[in-house]
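A quick write-up on the structure given underneath.
Below, chain A is the first sequence line, B the second, and so on; all start at residue 1.
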There are 2 protein chains.
Amino acid sequence: MATDNRGIPIPTIKRFPSYLRLLKGYRDEGMEMVSATMLADELGLKPIQVRKDISCTGIEGKPKVGFTVVKLIDAIIHTLGWDNATDAVLIGAGHLGSALARYEGFETYGLKIVAAFDIDQHKWGAKLGEVPVYPLTQLKQYLEENRVNIGVIAVPAVQAQEVAEKLVECGILAIWNFAPKDLKLPMRVVVQRTDLATSFAVLSAKVKRKMVKEDLLEEDDEW
Amino acid sequence: MATDNRGIPIPTIKRFPSYLRLLKGYRDEGMEMVSATMLADELGLKPIQVRKDISCTGIEGKPKVGFTVVKLIDAIIHTLGWDNATDAVLIGAGHLGSALARYEGFETYGLKIVAAFDIDQHKWGAKLGEVPVYPLTQLKQYLEENRVNIGVIAVPAVQAQEVAEKLVECGILAIWNFAPKDLKLPMRVVVQRTDLATSFAVLSAKVKRKMVKEDLLEEDDEW
DNA sequence: TAGATTGTTAATCGATTAACAATC
DNA sequence: TAGATTGTTAATCGATTAACAATC
């Protein structure tokens with residue numbers, strides 16, 4: 001059905017890559033079947049949650065036996081849309097951009113960074129791994145000549161909004177934003193943020209919570 | 001109260017850094033008061049949600065006027081625990097590690113990377129920005145001599161578990177894991193993952209959803 | 001067979017949103 | 001004052017978890 005993906009909860013989507021990594025390991029070890037119980041145990045989740053997640057892929061298991069490892073792998077990849085490779089341009093060839101361009105994991109997700117752009121002329125002509133770096137002024141032309149759907153932003157915060165708008169003008173459909181800046185863009189554009197600040201905020205909160213809990217325990221001890 | 005932070009929802013925590021960035025901008029422009037309505041509008045949130053989030057900081061506003069910008073800034077920083085600087089060690093001085101070590105935003109969060117460690121002897125003695133790189137074998141000694149609470153993991157997936165266990169052995173309280181690997185660690189250790197795969201999975205799912213929606217619209221057109 | 005595991009339906013839990021009185 | 005905005009209480013929404021029948 002076309003509506004297949006419509007209703008898959010975001011939390012489930014977020015767990016899929018973890019399942020996928022684990023399943024690929026099992027496949028490489030020659031394992032053929034796996035139970036939700038085993039996956040849950042390995043990832044620190046509850047079996048019921050794993051079953052619910054798996055049911056979103058449309059795969060059915062066999063009671064007492066579990067699920068076929070390779071079927072599950074294919075189904076998750078398909079559900080995520082990772083079976084169709086997508087080209088992306090990278091804006092910003094600094095340290096972060098450079099690390100992203102060289103990251104080999106992307107091909108696993110069907111993401112291919114085909115070109116990088118930067119305002120700094122010292123970077124022009126260089127290659128970040130396999131990815132050539134062009135002047136930012138050539139972005140528009142490049143996107144006219146090459147069908148690219150995704151833009152990856154790895155520029156300083158102050159430039160992020162401007163770059164994003166340029167990408168949208170050039171027909172980019174989705175933006176993966178690594179700059180610490182909240183972008184204001186038309187609703188039709190898909191924006192995904194990967195923000196160190198947000199991630200660290202959660203870490204900080206968890207640490208603080210733990211501290212508080214330990215403090216409380218100490219207080220209890222005194223009574 | 002000591003239990004202050006206990007119950008702040010994770011989604012709220014995740015929005016705090018965005019509020020913070022925006023508020024700092026307002027402060028720098030000399031703005032003294034700000035309404036939840038304005039913040040919501042700027043970030044694409046609903047005013048009520050912003051008010052709920054702000055109430056978690058304990059700050060009270062004035063009807064018709066709003067909230068004091070600098071009070072709000074201080075309260076969010078305090079709620080996140082970012083007013084106490086924390087030292088961290090970085091494991092892995094590759095491209096990603098290098099980018100993290102040089103990232104200037106961390107000081108905003110009260111995070112200070114004091115040393116990096118790597119197995120590759122070619123990296124020893126180098127500096128990533130201000131951060132010196134040592135042999136991984138010196139990690140244990142370093143942590144005995146310096147009180148560090150947070151470990152940042154930026155090594156390849158296959159080494160992540162081993163490195164994490166070593167950090168835990170050495171008394172690290174919290175781990176920020178950038179390796180694409182789910183770590184199995186004692187409950188008492190706080191683990192925060194920043195996983196490109198997870199983030200890209202969400203992007204992929206949103207794109208796919210949009211595609212489906214557009215397909216459905218087209219189908220509708222034919223009827 | 002017996003028992004582990006699946007899949008479904010219902011209950012619970014937590015966050016978002018709505019409604020509205022209080023207030024500057 | 002009038003009206004915008006706050007803060008609280010209740011309703012809604014969505015995800016997780018529990019319960020349990022089906023099944024290999």
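- Nearest heavy atoms, I91(B) versus V155(B): O-CG1, 3.4 Å.
- Across all non-hydrogen atoms, the minimal contact from R193(A) to K14(B) is NH2-O, 4.2 Å.
- Classification of D41(B) and K46(B) as a salt-bridged pair fails, no side-chain N sitting under 4.0 Å from a carboxylate O.
- In this structure, the ring of Y109(B) has its center no less than 6.0 angstrom from the ring center of W176(B).
- The two atoms that bring C170(A) and L143(A) nearest to each other are CB-CD1, 3.4 Å, heavy atoms only.
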Dot-bracket line, read 5' to 3' along DNA chain D, where crossing pairs take [ ] and | marks a partner on another strand, Watson-Crick or G-U under 3.5 Å: ..||||||||||||||||||||||
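- Applying a 4.0 Å cut-off to non-hydrogen atoms, the residues of residues 41-51 of chain A that approach DNA chain C are I48(A), R51(A), listed by residue number.
- Ion pair D74(A)/R27(A) not flagged as a salt bridge, since none of the NZ, NE, NH1 or NH2 atoms sits closer than 4.0 Å to an Asp/Glu carboxylate oxygen.
- Heavy-atom contacts of chain A under 4.0 Å fall on DNA chain D between two terminal nucleotides, which in 5' to 3' order are dA15(D) to dC24(D).
- One finds a salt bridge joining E42(A) and K184(B) here, because a Lys/Arg side-chain nitrogen approaches an Asp/Glu carboxylate oxygen to under 4.0 Å.
- By the 4.5 Å heavy-atom criterion applied to side chains, L39(B) and V34(B) are counted as neighbours.
- Backbone-only engagement by K62(A) is indicated by non-hydrogen atom pairs under 4.0 Å involving sugar-phosphate atoms exclusively.
- Nucleotides of DNA chain D nearest to A36(B) and K52(B) differ in position, and the one nearer the 5' end is that of A36(B).
- Looking at heavy atoms from C-beta onward, L111(A) lies in side-chain contact with F200(B) at the 4.5 angstrom threshold.
- A salt bridge between R147(A) and D87(A) is absent, with no side-chain N of the basic residue lying under 4.0 Å from a carboxylate O of the acidic one.
- Counting non-hydrogen atoms under 4.0 angstrom, S35(A) reaches the backbone sugars and phosphates but no base.
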